[in-house]
Amino acid sequence: MNKKILAGGLAMLIVGIALSVNISATMPAGQAGMTEEEVIDLMIAQQETQDYNTLSGILIGIGFLLVLISFGARRKKDSAKKVEKKAVE
C-alpha cells in the first residue's frame, strides 16, 4: 500500500464530499411572479450550481480511484536484481 497515494486520495474524497454537500445546500430557488430576466438569471445560477456539483463529483471519483490504486501499488524490492537461473543439464 502506498501511503502517499492513499493520503492524497482520501483528501480528494473528503474535499469532494464537503464541496458536494455545501453546493447542494445552496441551490437557488425561484418564486412566483418573477420577470423574464429574473427567470433567466435563476436558470443560469442553477446551471452553475449543477456544474459545480458535477466537478465535485469528478473530484470524488478521482479520489476514490486513487484510494483503490493505493492498495494495489506496492514497491517491489530488488526489482532491478532479476537473475534467471539456468537449469543444469
Side-chain angles (χ1 to χ4, degrees):
M1 175 168 39
N2 194 334
K3 292 183 181 181
K4 289 181 183 179
I5 296 175
L6 178 65
L10 286 176
M12 290 176 77
L13 199 62
I14 291 169
V15 169
I17 291 172
L19 285 174
S20 182
V21 168
N22 190 18
I23 291 169
S24 296
T26 60
M27 179 65 103
Q31 52 189 339
M34 294 174 60
T35 63
E36 189 171 326
E37 184 176 323
E38 290 174 336
V39 170
I40 292 172
D41 289 339
L42 174 66
M43 289 174 59
I44 290 172
Q46 286 177 342
Q47 184 64 41
E48 287 176 353
T49 303
Q50 186 177 3
D51 293 342
Y52 287 137
N53 204 4
T54 302
L55 287 175
S56 67
I58 292 170
L59 187 65
I60 292 170
I62 292 172
F64 183 70
L65 284 176
L66 283 176
V67 169
L68 290 178
I69 289 170
S70 72
F71 287 112
R74 292 190 180 113
R75 289 191 172 200
K76 295 183 179 181
K77 297 178 183 176
D78 302 329
S79 62
K81 296 183 179 179
K82 287 189 176 180
V83 177
E84 293 183 22
K85 295 183 180 180
K86 294 184 179 180
V88 178
E89 294 180 11

Next on the checklist: Quick check for you: to the nearest 0.5 Å, what is the distance between Leu66 atom CG and Leu6 atom CG?
Outcome noted: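 Interatomic distance, Leu66 CG to Leu6 CG, rounded to 0.5 Å: 9.5 Å.
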Item to check | Point-to-point distance, once rounded to the nearest 0.5 Å, from CG of Leu10 to CZ of Phe64 | outcome: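 Result: 11.0 Å between the selected atoms.
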Next on the checklist: For Ser70 versus Val67, what's the shortest heavy-atom pair and its separation?
Outcome noted: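 Taking Ser70 first and Val67 second, the nearest heavy atoms are OG-O, 2.6 Å.
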Next on the checklist: Can you list everything that forms a side chain to side chain contact (heavy atoms under 4.5 Å, CB included) with Ser56? Sequence neighbours excluded, please.
Outcome noted: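 Scan of Ser56 (side chain to side chain contact (heavy atoms under 4.5 Å, CB included), adjacent residues dropped) gives Leu19, Ser20, Asn53.
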Next on the checklist: Going by side chain to side chain contact (heavy atoms under 4.5 Å, CB included), name the residues that satisfy it together with Thr54, two or more places apart in sequence or in a different chain.
Outcome noted: Ile58
Item to check | Under 4.5 Å side-chain linkage, directly or through intermediates, the cluster mates of Ile44 | outcome: Ile40
Checklist entry - With a cutoff of under 4.5 Å between side-chain heavy atoms, which Ile, Leu, Val, Met, Phe, Trp and Tyr residues group with Leu65? => result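 Result for Leu65 is none, singleton.
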Checklist entry - Among pairs that include at least one residue of residues 58-67, which meet side-chain hydrogen bond (donor to acceptor under 3.5 Å, both in side chains), considering only residues two or more places apart or in two chains? => result none
Which side-chain N or O atoms in residues 27-37 pair as donor and acceptor under 3.5 Å with protein atoms at least two apart or in another chain?
residue	atom	partner	partner atom	Å
Thr35	OG1	Glu38	N	3.3

Checklist entry - With sequence neighbours left out, what residues match Asp51 under side-chain hydrogen bond (donor to acceptor under 3.5 Å, both in side chains)? => result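 Only Gln47 meet the side-chain hydrogen bond (donor to acceptor under 3.5 Å, both in side chains) criterion with Asp51.
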Item to check | Leu59 reachable from Ile5 in the ILVMFWY side-chain graph, under 4.5 Å edges | outcome: yes
Checklist entry - Is there a path of hydrophobic side-chain contacts, each under 4.5 Å between heavy atoms of I, L, V, M, F, W or Y residues, that connects Leu42 with Val39? => result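 Leu42 and Val39: one cluster.
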